[in-house]
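What follows is a short report on a single structure.
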Amino acid sequence: MISTSFIRRSVHFSASALCAVVLSWSGAVLAQGVMNLPAPEKTGGKPLMEALAERHAARDFSDKVISAQTLSDLLWATWGINRPDGHRTAPTARNKQEVEVFVVMASGVWRYDAKDNTLVKELDEDYRAQFDNAPLSFVYAAPDGRYDPLHVGALFQNAGLYSASVGLNNVVRGDNYIPVLQGKLALPEGYKIYITQSFGWPPQ
C-alpha cells in the first residue's frame, strides 16, 4: 500500500486544475530519489497508419489524469529498450544512445533511466508553469554533435506517434522553452538541450 507520506513527496498539487497532473503510481516505490515505473505495455493503441494519419501538434490540454502506465508507455515508445541486446525504440548513429530524456511534472524534473525503467530525481521544483502549464513535458538533451539533432528528432517523432495512437495531445517546442532548464540540469559534459515536447489529454 502506498503511504500518504509517499503521495505528498511524489505529487504536489497546484491550485489550478489545468496545472495538475495526477499520477496513479500503482506499485511504484520512491527511495533516494528513484521512482519505479510500471512495466510498459507493448501492445494496443492504433495501427501505425492510423497513428500517422492522426499525428499533429496540439497545444491545448485538459486536467484529465495522466496515469503512471501512460507515462511509462510514452517513455518506452520514445526511448525505451526493445531488444535483449539493449537497442532502443529510436535509432542513433553507431548505436551511441547518447540522448537524455528529462520529465517535467508536478513533483519536479526527473531523468528517464530506460535500463532500470525508473525515473531519477534531478530537480525538486515544479517548472510546469514555464511550459505553459502543460501537465507533462519532456526535455531532450544530447551532445552537440553532427548527428545528435537527428537522434533527438527520432525520439520526439516516436513520442508524437505514440500520442496519436492513444489520443494524447502533444506539441514540440523550442526557442522560449529551451532556456527554462538550461544551466539547471547537471548535463554530461558537451551536452545541450535541443528541444522540448509537452503532453496532455485534449480538453473535454
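Owing to the predicted nature of the structure, the values given are computational and were not obtained by experimental measurement.
Nearest approach of G200 to I66, heavy atoms of both residues: CA-CD1, 4.2 Å. Among all heavy-atom pairs drawn from L123 and K184, the shortest one is CD2-O, 3.7 Å. The nearest pair of heavy atoms linking E98 to P143 is OE1-CG, 3.3 Å. Between Y162 and D73 the shortest heavy-atom distance is OH-CB, 3.4 Å.
In this structure, W201 contributes its side chain and N169 its backbone to no donor-acceptor pair below 3.5 Å. For S198 (side chain) and A134 (main-chain N/O), no donor-acceptor pair under 3.5 Å exists by modelled atom type. With hydrogens and angles disregarded, a donor-acceptor distance shorter than 3.5 Å links the side chain of N158 to the backbone of T89. Checked by atom type and distance alone, the side chain of D148 pairs as donor or acceptor with a backbone atom of G145 at under 3.5 Å. Judged purely by atom type and a 3.5 angstrom limit, W76 has no side-chain atom pairing as donor or acceptor with the backbone of E41. Using modelled atom types, no side-chain atom of S72 and backbone atom of Q69 make a donor-acceptor pair closer than 3.5 Å. Put simply, the side chain of N170 never gets that close to the backbone of S163: no donor and acceptor are under 3.5 Å apart.
Clustering of Ile, Leu, Val, Met, Phe, Trp and Tyr side chains at separations under 4.5 Å places L48 together with M49, L52, L161.
Taking Y140 as the reference, Q197 meet the side-chain hydrogen bond (donor to acceptor under 3.5 Å, both in side chains) condition, with sequence neighbours excluded. The side-chain hydrogen bond (donor to acceptor under 3.5 Å, both in side chains) check on T78 picks up nothing, with sequence neighbours excluded. With sequence neighbours left out, Q97 forms a side-chain hydrogen bond (donor to acceptor under 3.5 Å, both in side chains) with R88, N95. Qualifying side-chain hydrogen bond (donor to acceptor under 3.5 Å, both in side chains) partners for E100, counting only residues two or more places apart in sequence or in other chains: none.
A 6.0 Å sphere centred on CG of D175 holds no more than 12 heavy atoms belonging to other residues, nucleotides or ligands. Annotation: R83, atom CZ; neighbour count of heavy atoms from other residues, nucleotides and ligands within 6.0 Å is above 12.
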Run the side chain to side chain contact (heavy atoms under 4.5 Å, CB included) check on V109 and D126 step by step: do they pass? CA-CA 7 Å; V109 181; D126 180 357; over 6 Å; no

Side chain to side chain contact (heavy atoms under 4.5 Å, CB included) between I81 and K115, worked out: CA-CA 7 Å; I81 293 172; K115 292 181 181 178; 3.7 Å; yes

Run the side chain to side chain contact (heavy atoms under 4.5 Å, CB included) test on L181 and V104 for me, step by step, so that the C-alpha distance in whole Å, both residues' side-chain angles and the decisive distance to 0.1 Å come before the verdict. CA-CA 10 Å; L181 296 179; V104 179; 3.9 Å; yes

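Annotation: side chain of L136 is in contact with side chain of L74 (closest heavy-atom distance under 4.5 Å). Residues I193 and V180 are not in side-chain contact: their nearest non-hydrogen atoms beyond the backbone lie 4.5 Å or more apart. Residues F199 and T70 form no side-chain contact, since every pair of their non-hydrogen atoms from C-beta on lies 4.5 Å or further apart.
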Compile the donor-acceptor pairs under 3.5 Å between side chains in residues 149-156 and protein atoms, sequence neighbours left out, one pair per line.
unit_1	atom_1	unit_2	atom_2	d
H151	NE2	A93	N	2.8

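Using a 4.0 Å cut-off between charged side-chain N and carboxylate O, D132 and R173 make a salt bridge.
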